[in-house]
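As the structure is a prediction and not an experimental result, all values here were calculated from the model.
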Amino acid sequence: MTDNILLSLQGLTKRYPGVVANNNISLDIFKGEVHTLIGENGAGKSTLIKALSGAVIPDEGTICWEGKEFSHMTPKGSKELGIEIVYQELCLVEALSIAENICLGEVDGVFVDYKSQIKIADNVFREMGIKIDPRKKVGDLTTAKQQLVEIAKAISKGVKLLVLDEPTAPLTSEEIDNLFLIIEKLKKQGVSIIYISHRMDEVFRVSDRITVLRDGEVVKTLNANEVERESLIKLMVDRDLKETFPERTYQSDENMLEIKNLTGNSNYDINLYVKKGEIVGLGGLLGAGRTELARMIYGVDLKKSGQVFIEGKEVNITSPRSGIAHHIGFIPEDRKHQGVLLTFGIDWNITISILKKLSPKGFMGFKKMSNVVEEYISKLLIAAPAPDVRVECLSGGNQQKVVIAKALTTESKLIIFDEPTRGIDVGAKQEIYRLMADLVNEGKSILLISSDMEELLGMSDRIYVLADGCIAGEIDGKEASQVKIMHIISDAMEKKSKLRKEAV
């Protein structure tokens with residue numbers, strides 16, 4: 001079996017002030033296997049892969065690559081060995097073409113042979129079994145296609161170990177299927193893959209072996225076909241998780257939100273309502289218009305026509321400030337770019353929307369600010385050493401709680417959650433779900449957008465299904481299923497296709 005080991009980590013340890021990110025980690029990666037790393041945010045996964053890339057130098061331990069021992073990697077040396085990492089935050093130059101991105105850093109001499117770059121890109125895409133024009137500018141691609149470009153870039157470098165960090169977060173189910181086909185092809189070619197994901201269904205679908213990390217240490221390595229979901233979660237969190245989706249008790253016949261014939265921002269003739277104390281889900285494929293609808297309700301984008309009612313009163317929301325004034329909160333899908341100021345402290349992020357309220361006479365009321373921040377850190381169980389810690393230092397789950405806290409400080413009655421648990425671990429998901437249940441039990445209302453079908457079905461009282469910017473159907477939460485949702489989408493797409501043919 002030793003001949004089959006590509007990478008062996010022995011006693012890898014990395015310390016930061018006040019925390020041990022990796023503690024005596026030892027594991028082997030076999031040639032041609034998919035080895036999944038799972039664990040809660042803060043378990044040590046990111047530090048481990050940064051050690052492989054040379055971005056982090058371990059304090060102790062060794063990295064053994066194909067029998068050769070290293071005390072640490074360098075970015076250049078790691079790539080020369082054949083280690084390539086596709087991070088959650090893609091590292092592409094949007095102004096350049098696909099071919100230029102794939103061949104970036106490979107130019108010899110002064111002149112760039114663009115024809116050769118296109119040929120290299122074409123060959124890689126052919127090998128991957130996908131069709132993309134390498135002349136296209138990367139900035140014009142969807143996130144899913146950009147991710148394929150990142151993988152193509154890695155393959156073009158003669159990759160031996162490919163690390164995929166939460167690769168399916170922005171993908172549709174069809175795109176995920178395509179990614180798994182590519183992974184299978186790479187495995188057959190002898191490429192090893194370290195796969196990092198919080199999605200349990202994917203973990204079992206793609207993995208040969210699974211290593212569980214907790215508090216910077218290896219808990220256990222198991223064969224994927226010899227372990228069940230619940231026992232794996234128990235190993236990750238070291239505690240029993242109660243009912244995945246908490247019970248909710250509040251009920252009301254009063255509408256918090258009602259929308260009539262709303263059109264604009266790629267949505268057409270939208271009619272829906274959300275009652276007080278209700279969670280209403282928005283289902284649909286990527287590009288169906290769910291986020292576009294949310295942005296229009298909140299005031300980020302303007303409507304062309306239609307009516308919006310909050311608690312029975314018609315309102316004209318023309319900006320996020322206007323949305324906040326009408327007690328609407330918005331938790332955007334991209335928390336790092338749209339939800340928080342990463343280099344600012346937790347305190348400023350939580351209170352940024354109510355600074356005027358905290359300084360009525362023009363002077364900052366730091367005592368008031370401190371009281372508000374302490375209240376929400378306690379209420380939302382935000383794990384941080386101090387209120388002024390920069391948000392970029394927090395785990396994904398705690399960053400999301402800061403975004404939620406920011407919305408709650410404005411006394412929001414309707415809160416839009418757009419992909420609320422994307423990229424966060426199973427334990428943090430439980431806490432977000434508990435918080436959502438607490439909010440609706442207080443009489444607040446939630447509009448939930450989620451591509452996680454289990455989450456959408458488990459948390460929604462009712463679900464509106466969108467297709468091509470229109471509402472294609474509505475399902476009661478108790479009767480909803482993935483099959484029913486997909487049937488509604490399929491019927492809507494087929495109907496639209498017939499109308500187009502008739503128009504021609």
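For the side-chain hydrogen bond (donor to acceptor under 3.5 Å, both in side chains) test, residues two or more places apart in sequence or in another chain that qualify with Asp334 are His337. In this structure, the ring-ring contact (aromatic ring centres under 6.0 Å, His included) partners of Phe330, at least two apart in sequence or on a different chain, are Tyr298. Legend: residues meeting side-chain contact (heavy atoms from CB on, under 4.5 Å) with Asn271, ordered by chain and number and at least two apart, are Lys260, Asn261, Asp269. Under the rule for a side-chain hydrogen bond (donor to acceptor under 3.5 Å, both in side chains), the partners of Asn23 that lie at least two apart in sequence or sit in another chain are Glu217. Legend: residues meeting salt bridge (Lys or Arg N to Asp or Glu O under 4.0 Å) with Asp208, ordered by chain and number and at least two apart, are Lys187. Taking the side-chain hydrogen bond (donor to acceptor under 3.5 Å, both in side chains) definition, one finds that Asn101 meets it with nothing, sequence neighbours left out. Scored by the side-chain hydrogen bond (donor to acceptor under 3.5 Å, both in side chains) test, Gln189 finds no partners at all (sequence neighbours excluded). Remark: Tyr433 pairs with Phe245 by the ring-ring contact (aromatic ring centres under 6.0 Å, His included) rule, at least two apart or across chains. For Lys119, the side-chain contact (heavy atoms from CB on, under 4.5 Å) partners at least two apart in sequence or on another chain are Asn123. Residues forming a salt bridge (Lys or Arg N to Asp or Glu O under 4.0 Å) with Asp133 (at least two apart in sequence, or on another chain): Arg135.
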Would you sort out whether Ile270 and Tyr464 count as a side-chain contact (heavy atoms from CB on, under 4.5 Å), showing the intermediate values?
CA-CA 10 Å; Ile270 301 290; Tyr464 289 101; over 6 Å; no

Do Leu293 and Leu447 pass the side-chain contact (heavy atoms from CB on, under 4.5 Å) test, and can you show the C-alpha distance, the side-chain angles, and the key distance before you say yes or no?
CA-CA 11 Å; Leu293 176 59; Leu447 196 58; 5.6 Å; no

Passes side-chain contact (heavy atoms from CB on, under 4.5 Å), Phe204 versus Val227? Steps please.
CA-CA 9 Å; Phe204 286 102; Val227 64; 3.8 Å; yes

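When each of Leu161, Leu7, Val159 is checked for a side chain to side chain contact (heavy atoms under 4.5 Å, CB included) with Ser192, only Leu161 meets the rule. The residue from Val340, Asn398, Leu394 that alone fulfils the side chain to side chain contact (heavy atoms under 4.5 Å, CB included) condition with Ile346 is Leu394.
With rounding to the nearest 0.5 Å, the separation of CG in Leu282 from CZ in Arg462 is 10.5 Å. If you take OG1 on Thr168 and CZ on Phe180, they are separated by 6.0 Å, rounding to the nearest 0.5 Å. To the nearest 0.5 Å, the span separating CG on Asn22 from NZ on Lys14 amounts to 9.5 Å. We find the CG-CG distance between Leu27 and Leu213 to be 7.5 Å, quoted to the nearest 0.5 Å. Summarising the geometry, atom CG belonging to Leu164 is positioned 6.5 Å from atom CG belonging to Leu179; distances are rounded to the nearest 0.5 Å. Between Arg209 atom CZ and Leu37 atom CG the span is 10.5 Å, to the nearest 0.5 Å.
In this structure, Ile194 and Leu48 have side chains that are not in contact, with every pair of non-hydrogen atoms separated by 4.5 Å or more. Residues Leu232 and Val212 meet the side-chain proximity criterion, which asks for heavy atoms closer than 4.5 Å. Side-chain contact between Val93 and Glu100: absent, with no pair of heavy atoms (C-beta onward) separated by less than 4.5 Å. The side-chain heavy atoms of Val206 and Ile193, taken from C-beta on, include no pair separated by under 4.5 Å. Proximity of Thr221 to His35: side-chain heavy atoms (C-beta onward) are separated by under 4.5 Å at one or more points. Taking the side chain as every heavy atom from C-beta outward, Ile404 and Phe417 approach each other to under 4.5 Å.
Arg205 and Asp177 are joined by a salt bridge, as a carboxylate oxygen and a charged side-chain nitrogen come within less than 4.0 angstrom of each other. Between Glu84 and Lys157 there is no salt bridge, since none of the side-chain N atoms of the basic residue sits less than 4.0 Å from a carboxylate O of the acidic one. A salt bridge does not link Lys137 with Glu94: none of the charged nitrogens is closer than 4.0 Å to a carboxylate oxygen. The pair Lys153-Glu150 meets the salt-bridge criterion, with a side-chain N (NZ, NE, NH1 or NH2) lying under 4.0 Å from an Asp/Glu carboxylate O.
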N/O donor-acceptor pairs under 3.5 Å from side chains in residues 52-64, not counting sequence neighbours:
from	atom 1	to	atom 2	distance (Å)
Ser53	OG	Lys50	O	3.0
Ser53	OG	Ala55	N	3.3
Ser53	OG	Tyr87	OH	3.4
Asp59	OD2	Arg15	N	2.6
Glu60	OE2	Arg15	NH1	3.2
Glu60	OE2	Arg15	NH2	2.7

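When all heavy atoms of Met453 and Ile485 are compared, the closest pair comes out as SD-CD1, 3.8 Å. Listed here is the closest heavy atom pair of Ala467 and Ala492: CB-CB, 4.0 Å. Pairing each heavy atom of Leu448 with each of Met459, the nearest pair is CD2-CB, 3.8 Å. Residues Gly283 and Ile463 approach most closely at N-CG2, 4.1 Å, considering heavy atoms. The two residues Gly289 and Asn267 come nearest to each other via the heavy atoms O-ND2, 3.1 Å. Between Ile102 and Ala152, the closest heavy-atom pair is CD1-CB, 3.9 Å.
Not a single donor-acceptor pair under 3.5 Å links the side chain of Asn4 to the backbone N or O of Phe30. Judged by distance alone, with hydrogens and angles left aside, the side-chain atoms of Arg335 form no donor-acceptor pair with the main-chain N or O of Val402 at under 3.5 Å. Remark: side-chain polar atoms of Thr13 are paired, donor with acceptor, to backbone N or O of Asn24 under 3.5 angstrom. Although no hydrogens or angles enter the test, the distance criterion places no donor-acceptor pair under 3.5 Å between the side chain of Lys45 and the main chain of Asp165. In terms of modelled atom types and a separation under 3.5 Å, the side chain of Arg295 and the main chain of Pro332 share no donor-acceptor contact. Checking side-chain atoms of Lys136 against main-chain N and O of Leu141 turns up no donor-acceptor pair under 3.5 Å. Ser26 places a side-chain N or O within 3.5 Å of a backbone atom of Gly11 that can act as its donor or acceptor partner.
Evaluation of the salt bridge (charged side-chain N to carboxylate O under 4.0 Å, His left out) test over residues 446-459, restricted to residues two or more places apart or in two chains, returns Arg229-Glu454, Lys429-Asp452.
If you check the side chains of Tyr16 and Thr47, you find no donor sitting under 3.5 Å from an acceptor. In this structure, a donor-acceptor pair under 3.5 Å is absent between the side chains of Glu228 and Ser231. In this structure, a donor-acceptor pair under 3.5 Å is absent between the side chains of Thr343 and Glu392. In the model, Glu292 has no side-chain atom that pairs as donor or acceptor with a side-chain atom of Ser266 under 3.5 Å.
For Lys31, the NZ atom sits in a packed shell: over 12 heavy atoms of surrounding residues, nucleotides or ligands are nearer than 6.0 Å.
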